[in-house]
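See below for the structure under consideration.
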Amino acid sequence: MSAVKLTSNQYGKAENHVVRVYRDTPRHELRDLNVTSQLHGDFEAAHTEGDNGHVVATDTQKNTVFAKAKEEGVDSPERFLLTLAGHFTASFDWVTGGRWSAEEYGWSRIDGHDHSFFRSEPEVRTAVLVRDGADDQLVAGFYGLTVLKTTESGFVGYPKDKYTTLGETEDRILATDISTRWRYNTTDVDFDAVYRQVRGIILSTFTDHYSKALQHTLYQMGQNVIDAVDEIEEIRFSCPNKHHFVSDLSPFGLENPNEVFYAADRPYGLIEATIAREEATERPDVWAVVNGFC
Ligand SMILES: O=c1[nH]c(=O)c2[nH]c(=O)[nH]c2[nH]1
(Lines give C-alpha, C1' and ligand atoms only; values in the text may rest on other atoms or scores of the structure.)
Protein backbone atom coordinates (compact mmCIF):
# COMPACT_ATOMS: atom_id res chain seq x y z
CA MET A 1 0.00 0.00 0.00
CA SER A 2 1.22 3.49 -0.82
CA ALA A 3 1.72 5.88 2.08
CA VAL A 4 -1.02 8.51 2.01
CA LYS A 5 -2.30 11.19 4.33
CA LEU A 6 -5.49 13.18 4.76
CA THR A 7 -4.68 16.69 3.66
CA SER A 8 -8.06 18.35 3.97
CA ASN A 9 -11.67 17.54 4.62
CA GLN A 10 -15.02 19.06 5.40
CA TYR A 11 -18.46 17.54 5.66
CA GLY A 12 -22.02 18.36 6.51
CA LYS A 13 -25.54 18.56 5.13
CA ALA A 14 -26.09 20.39 1.87
CA GLU A 15 -29.15 22.32 0.77
CA ASN A 16 -31.38 22.38 3.82
CA HIS A 17 -34.27 24.31 2.38
CA VAL A 18 -35.82 26.11 5.33
CA VAL A 19 -38.76 28.49 5.15
CA ARG A 20 -39.26 30.49 8.34
CA VAL A 21 -42.70 32.03 8.82
CA TYR A 22 -43.29 34.67 11.46
CA ARG A 23 -46.97 34.54 12.42
CA ASP A 24 -47.06 36.45 15.70
CA THR A 25 -49.57 38.83 14.13
CA PRO A 26 -52.05 38.27 11.28
CA ARG A 27 -49.54 40.00 9.01
CA HIS A 28 -47.14 37.13 8.38
CA GLU A 29 -43.48 37.50 7.33
CA LEU A 30 -41.27 34.90 5.71
CA ARG A 31 -37.65 34.13 4.87
CA ASP A 32 -36.81 31.37 2.40
CA LEU A 33 -33.28 29.99 2.65
CA ASN A 34 -31.36 27.04 1.24
CA VAL A 35 -28.59 26.38 3.77
CA THR A 36 -25.48 24.21 3.62
CA SER A 37 -23.54 23.38 6.78
CA GLN A 38 -20.02 21.90 6.67
CA LEU A 39 -17.72 21.41 9.62
CA HIS A 40 -13.95 21.73 9.89
CA GLY A 41 -11.92 20.36 12.78
CA ASP A 42 -10.43 17.13 14.05
CA PHE A 43 -12.09 14.46 11.95
CA GLU A 44 -8.89 12.58 11.18
CA ALA A 45 -9.88 9.35 12.92
CA ALA A 46 -13.17 9.11 11.08
CA HIS A 47 -11.25 8.95 7.83
CA THR A 48 -8.24 6.90 8.86
CA GLU A 49 -9.75 4.57 11.48
CA GLY A 50 -13.48 4.57 10.88
CA ASP A 51 -13.87 6.06 14.35
CA ASN A 52 -16.98 8.27 14.36
CA GLY A 53 -16.45 9.60 17.87
CA HIS A 54 -16.07 13.16 16.54
CA VAL A 55 -18.52 12.95 13.66
CA VAL A 56 -21.44 15.27 14.36
CA ALA A 57 -23.89 13.50 12.06
CA THR A 58 -24.96 15.34 8.96
CA ASP A 59 -28.48 14.50 10.07
CA THR A 60 -27.85 16.40 13.31
CA GLN A 61 -26.51 19.34 11.31
CA LYS A 62 -29.70 19.33 9.25
CA ASN A 63 -31.86 19.26 12.38
CA THR A 64 -29.83 22.10 13.87
CA VAL A 65 -30.54 24.30 10.86
CA PHE A 66 -34.29 23.86 11.32
CA ALA A 67 -34.17 24.16 15.11
CA LYS A 68 -32.14 27.38 14.96
CA ALA A 69 -34.61 28.82 12.47
CA LYS A 70 -37.22 28.39 15.18
CA GLU A 71 -35.12 29.31 18.23
CA GLU A 72 -33.16 32.25 16.84
CA GLY A 73 -35.24 33.14 13.80
CA VAL A 74 -33.85 34.08 10.42
CA ASP A 75 -32.81 37.71 10.34
CA SER A 76 -30.49 37.79 7.33
CA PRO A 77 -28.72 34.86 5.65
CA GLU A 78 -25.40 36.15 6.97
CA ARG A 79 -26.65 36.45 10.57
CA PHE A 80 -28.18 32.97 10.38
CA LEU A 81 -24.86 31.48 9.21
CA LEU A 82 -23.07 33.21 12.10
CA THR A 83 -25.62 31.66 14.48
CA LEU A 84 -24.94 28.19 13.08
CA ALA A 85 -21.18 28.68 13.26
CA GLY A 86 -21.48 29.89 16.84
CA HIS A 87 -23.55 26.86 17.77
CA PHE A 88 -21.29 24.19 16.27
CA THR A 89 -17.98 25.68 17.40
CA ALA A 90 -19.29 26.25 20.94
CA SER A 91 -20.91 22.80 21.26
CA PHE A 92 -18.08 20.56 20.07
CA ASP A 93 -14.55 21.52 21.08
CA TRP A 94 -12.93 19.66 18.16
CA VAL A 95 -14.98 21.71 15.69
CA THR A 96 -12.63 24.62 14.96
CA GLY A 97 -14.58 26.18 12.15
CA GLY A 98 -16.45 25.38 9.02
CA ARG A 99 -18.09 26.60 5.90
CA TRP A 100 -21.72 27.63 6.01
CA SER A 101 -23.54 28.94 2.98
CA ALA A 102 -27.02 30.03 2.05
CA GLU A 103 -29.04 31.07 -0.93
CA GLU A 104 -32.08 33.23 -0.31
CA TYR A 105 -35.15 33.55 -2.52
CA GLY A 106 -37.08 36.81 -2.26
CA TRP A 107 -40.83 37.00 -1.74
CA SER A 108 -43.17 40.00 -1.75
CA ARG A 109 -46.77 40.42 -0.70
CA ILE A 110 -49.44 40.03 -3.38
CA ASP A 111 -51.15 43.44 -3.40
CA GLY A 112 -49.98 44.05 0.15
CA HIS A 113 -51.78 40.93 1.36
CA ASP A 114 -51.17 39.66 4.91
CA HIS A 115 -50.23 36.07 4.10
CA SER A 116 -50.02 35.62 0.31
CA PHE A 117 -46.73 36.14 -1.47
CA PHE A 118 -45.12 35.84 -4.90
CA ARG A 119 -41.48 35.18 -5.84
CA SER A 120 -40.55 38.75 -6.55
CA GLU A 121 -36.78 38.97 -6.83
CA PRO A 122 -35.27 37.75 -10.08
CA GLU A 123 -31.90 37.20 -8.43
CA VAL A 124 -30.83 34.66 -5.84
CA ARG A 125 -29.06 36.19 -2.85
CA THR A 126 -25.99 34.30 -1.60
CA ALA A 127 -23.89 34.23 1.56
CA VAL A 128 -20.88 32.17 2.59
CA LEU A 129 -19.23 32.17 6.02
CA VAL A 130 -15.81 30.59 6.41
CA ARG A 131 -14.77 30.33 10.06
CA ASP A 132 -11.25 29.27 11.02
CA GLY A 133 -10.77 29.64 14.76
CA ALA A 134 -11.19 33.33 15.49
CA ASP A 135 -11.16 34.34 11.83
CA ASP A 136 -14.58 34.87 10.24
CA GLN A 137 -14.73 35.64 6.54
CA LEU A 138 -18.12 36.54 5.11
CA VAL A 139 -18.80 36.71 1.40
CA ALA A 140 -22.22 37.90 0.27
CA GLY A 141 -23.65 38.38 -3.17
CA PHE A 142 -26.29 37.44 -5.69
CA TYR A 143 -26.65 35.85 -9.09
CA GLY A 144 -29.21 35.91 -11.84
CA LEU A 145 -30.02 39.61 -12.00
CA THR A 146 -30.56 40.12 -15.72
CA VAL A 147 -30.25 43.69 -17.01
CA LEU A 148 -30.34 45.30 -20.42
CA LYS A 149 -29.90 48.82 -21.76
CA THR A 150 -30.88 49.75 -25.28
CA THR A 151 -28.28 52.49 -25.77
CA GLU A 152 -25.50 54.37 -23.93
CA SER A 153 -23.16 51.48 -24.58
CA GLY A 154 -20.44 51.05 -27.19
CA PHE A 155 -17.30 49.11 -28.01
CA VAL A 156 -14.52 50.82 -30.00
CA GLY A 157 -10.75 51.07 -30.06
CA TYR A 158 -9.97 47.35 -29.84
CA PRO A 159 -7.14 45.84 -31.90
CA LYS A 160 -8.00 44.58 -35.38
CA ASP A 161 -6.24 41.65 -36.98
CA LYS A 162 -6.98 39.39 -39.94
CA TYR A 163 -9.59 37.51 -37.88
CA THR A 164 -11.48 40.60 -36.73
CA THR A 165 -14.90 41.08 -38.28
CA LEU A 166 -16.64 42.97 -35.43
CA GLY A 167 -17.50 46.53 -36.36
CA GLU A 168 -16.98 49.40 -33.94
CA THR A 169 -20.14 50.86 -32.46
CA GLU A 170 -21.05 53.68 -30.12
CA ASP A 171 -24.65 52.59 -29.81
CA ARG A 172 -25.46 49.01 -28.96
CA ILE A 173 -27.53 46.95 -26.59
CA LEU A 174 -25.70 45.96 -23.42
CA ALA A 175 -27.21 42.98 -21.60
CA THR A 176 -25.91 40.69 -18.91
CA ASP A 177 -26.83 38.42 -16.01
CA ILE A 178 -25.11 39.93 -13.00
CA SER A 179 -23.35 37.51 -10.67
CA THR A 180 -21.45 39.20 -7.90
CA ARG A 181 -19.94 38.43 -4.52
CA TRP A 182 -18.36 40.82 -2.07
CA ARG A 183 -16.19 40.14 0.96
CA TYR A 184 -16.88 41.96 4.19
CA ASN A 185 -14.09 43.15 6.48
CA THR A 186 -16.31 42.76 9.57
CA THR A 187 -19.32 40.80 10.75
CA ASP A 188 -20.77 43.90 12.40
CA VAL A 189 -23.02 44.82 9.48
CA ASP A 190 -26.70 45.48 8.90
CA PHE A 191 -26.63 42.79 6.24
CA ASP A 192 -30.10 43.31 4.76
CA ALA A 193 -29.59 47.07 4.48
CA VAL A 194 -26.17 46.71 2.86
CA TYR A 195 -27.53 44.09 0.48
CA ARG A 196 -30.23 46.50 -0.74
CA GLN A 197 -27.65 49.28 -0.97
CA VAL A 198 -25.16 47.26 -3.02
CA ARG A 199 -27.87 45.94 -5.33
CA GLY A 200 -29.08 49.51 -5.81
CA ILE A 201 -25.60 50.86 -6.56
CA ILE A 202 -24.94 48.11 -9.10
CA LEU A 203 -28.21 48.85 -10.89
CA SER A 204 -27.84 52.62 -10.84
CA THR A 205 -24.27 52.36 -12.16
CA PHE A 206 -25.55 50.24 -15.02
CA THR A 207 -28.16 52.84 -15.90
CA ASP A 208 -26.21 56.01 -15.23
CA HIS A 209 -22.94 55.66 -17.08
CA TYR A 210 -21.96 55.35 -20.74
CA SER A 211 -20.42 51.89 -21.00
CA LYS A 212 -17.27 51.69 -23.11
CA ALA A 213 -17.16 47.92 -22.51
CA LEU A 214 -18.67 45.51 -20.01
CA GLN A 215 -15.24 45.56 -18.35
CA HIS A 216 -15.60 49.34 -17.90
CA THR A 217 -19.07 48.91 -16.39
CA LEU A 218 -18.03 46.21 -13.90
CA TYR A 219 -15.08 48.29 -12.73
CA GLN A 220 -17.31 51.31 -12.23
CA MET A 221 -19.82 49.19 -10.30
CA GLY A 222 -17.04 47.94 -8.04
CA GLN A 223 -15.64 51.43 -7.55
CA ASN A 224 -19.04 52.80 -6.56
CA VAL A 225 -19.79 49.94 -4.15
CA ILE A 226 -16.42 50.28 -2.41
CA ASP A 227 -16.82 54.06 -2.25
CA ALA A 228 -20.18 53.72 -0.54
CA VAL A 229 -19.72 50.78 1.83
CA ASP A 230 -16.79 50.85 4.26
CA GLU A 231 -17.48 47.27 5.37
CA ILE A 232 -16.76 45.83 1.91
CA GLU A 233 -13.13 44.97 1.17
CA GLU A 234 -13.48 43.64 -2.35
CA ILE A 235 -16.15 42.74 -4.87
CA ARG A 236 -16.16 40.28 -7.75
CA PHE A 237 -18.27 40.05 -10.85
CA SER A 238 -18.84 37.31 -13.37
CA CYS A 239 -21.01 38.54 -16.22
CA PRO A 240 -21.84 37.14 -19.63
CA ASN A 241 -21.99 39.66 -22.44
CA LYS A 242 -25.38 38.66 -23.87
CA HIS A 243 -24.81 39.75 -27.44
CA HIS A 244 -27.64 41.37 -29.37
CA PHE A 245 -26.79 41.59 -33.06
CA VAL A 246 -28.57 44.06 -35.31
CA SER A 247 -30.63 41.94 -37.68
CA ASP A 248 -29.75 42.44 -41.36
CA LEU A 249 -33.08 43.39 -42.95
CA SER A 250 -31.52 44.83 -46.14
CA PRO A 251 -32.52 41.74 -48.22
CA PHE A 252 -36.09 42.88 -47.60
CA GLY A 253 -35.39 46.50 -48.48
CA LEU A 254 -35.81 47.51 -44.83
CA GLU A 255 -33.62 49.87 -42.84
CA ASN A 256 -32.76 48.76 -39.33
CA PRO A 257 -31.42 51.62 -37.21
CA ASN A 258 -30.95 49.51 -34.03
CA GLU A 259 -34.59 48.47 -33.81
CA VAL A 260 -34.58 44.73 -34.49
CA PHE A 261 -31.96 42.48 -32.91
CA TYR A 262 -31.02 38.84 -32.92
CA ALA A 263 -30.44 37.86 -29.28
CA ALA A 264 -27.74 35.22 -29.49
CA ASP A 265 -27.63 32.74 -26.61
CA ARG A 266 -24.13 31.42 -27.38
CA PRO A 267 -21.31 31.91 -27.59
CA TYR A 268 -21.22 34.79 -25.18
CA GLY A 269 -18.45 37.01 -23.90
CA LEU A 270 -17.57 36.20 -20.30
CA ILE A 271 -16.24 39.17 -18.40
CA GLU A 272 -14.96 38.72 -14.85
CA ALA A 273 -13.20 41.12 -12.52
CA THR A 274 -12.39 41.72 -8.86
CA ILE A 275 -12.22 45.28 -7.56
CA ALA A 276 -10.59 45.69 -4.17
CA ARG A 277 -9.66 48.51 -1.85
CA GLU A 278 -6.15 49.66 -2.63
CA GLU A 279 -4.92 48.47 0.78
CA ALA A 280 -7.02 45.27 0.91
CA THR A 281 -5.45 42.07 2.21
CA GLU A 282 -6.01 39.41 -0.41
CA ARG A 283 -7.72 36.21 0.74
CA PRO A 284 -7.38 33.64 -2.05
CA ASP A 285 -8.02 30.93 0.58
CA VAL A 286 -11.53 32.26 1.13
CA TRP A 287 -12.39 32.68 -2.54
CA ALA A 288 -11.12 29.15 -3.19
CA VAL A 289 -13.92 27.67 -1.11
CA VAL A 290 -16.70 30.12 -1.95
CA ASN A 291 -17.95 28.02 -4.85
CA GLY A 292 -17.22 24.68 -3.25
CA PHE A 293 -14.47 22.45 -1.92
CA CYS A 294 -12.90 21.77 -5.29
O1 LIG B 1 -17.95 44.92 -23.68
C2 LIG B 1 -17.30 44.19 -24.44
N3 LIG B 1 -16.10 43.69 -24.04
C4 LIG B 1 -15.35 42.87 -24.81
O5 LIG B 1 -14.24 42.41 -24.42
C6 LIG B 1 -15.86 42.55 -26.09
N7 LIG B 1 -15.40 41.75 -27.10
C8 LIG B 1 -16.35 41.79 -28.07
O9 LIG B 1 -16.29 41.12 -29.16
N10 LIG B 1 -17.39 42.59 -27.72
C11 LIG B 1 -17.11 43.09 -26.48
N12 LIG B 1 -17.80 43.89 -25.66
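Quick caveat, the model's predicted, so the values are computed rather than measured. Whatever order the structure lists ligands and atoms in, that order sets their numbers, starting from 1.
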Donor-acceptor pairs are to be reported for all side-chain atoms of residues 261-274 against protein atoms at under 3.5 Å, with residues two or more places apart or in another chain.
from	atom 1	to	atom 2	distance (Å)
E272	OE2	S238	OG	2.6
T274	OG1	R236	NE	3.1

Do other residues, nucleotides or ligands put more than 12 heavy atoms under 6.0 Å from K13 NZ?
yes
Kindly confirm or rule out a cation-pi arrangement of K68 over F66, judged by NZ or CZ under 6.0 Å from the six-membered ring centre and within 45° of its axis?
no
If we check side-chain contact (heavy atoms from CB on, under 4.5 Å) with F206, which of these qualifies: L218, L174, I178?
L174
Between the protein and ligand 1, are there any N or O atom pairs that come within less than 3.5 Å of each other, and if so, what are their names and distances?
from	atom 1	to	atom 2	distance (Å)
ligand 1	1 (O)	R172	NH2	2.9
ligand 1	1 (O)	L214	N	2.7
ligand 1	3 (N)	Q215	OE1	2.9
ligand 1	5 (O)	Q215	NE2	2.9
ligand 1	12 (N)	R172	NH1	3.1
ligand 1	12 (N)	N241	ND2	3.2

I'd like to know whether the aromatic ring centres of H209 and Y219 sit less than 6.0 Å apart in this structure.
no
For the pair E72 and R20, find out whether any cationic side-chain nitrogen is under 4.0 Å from an anionic carboxylate oxygen.
no
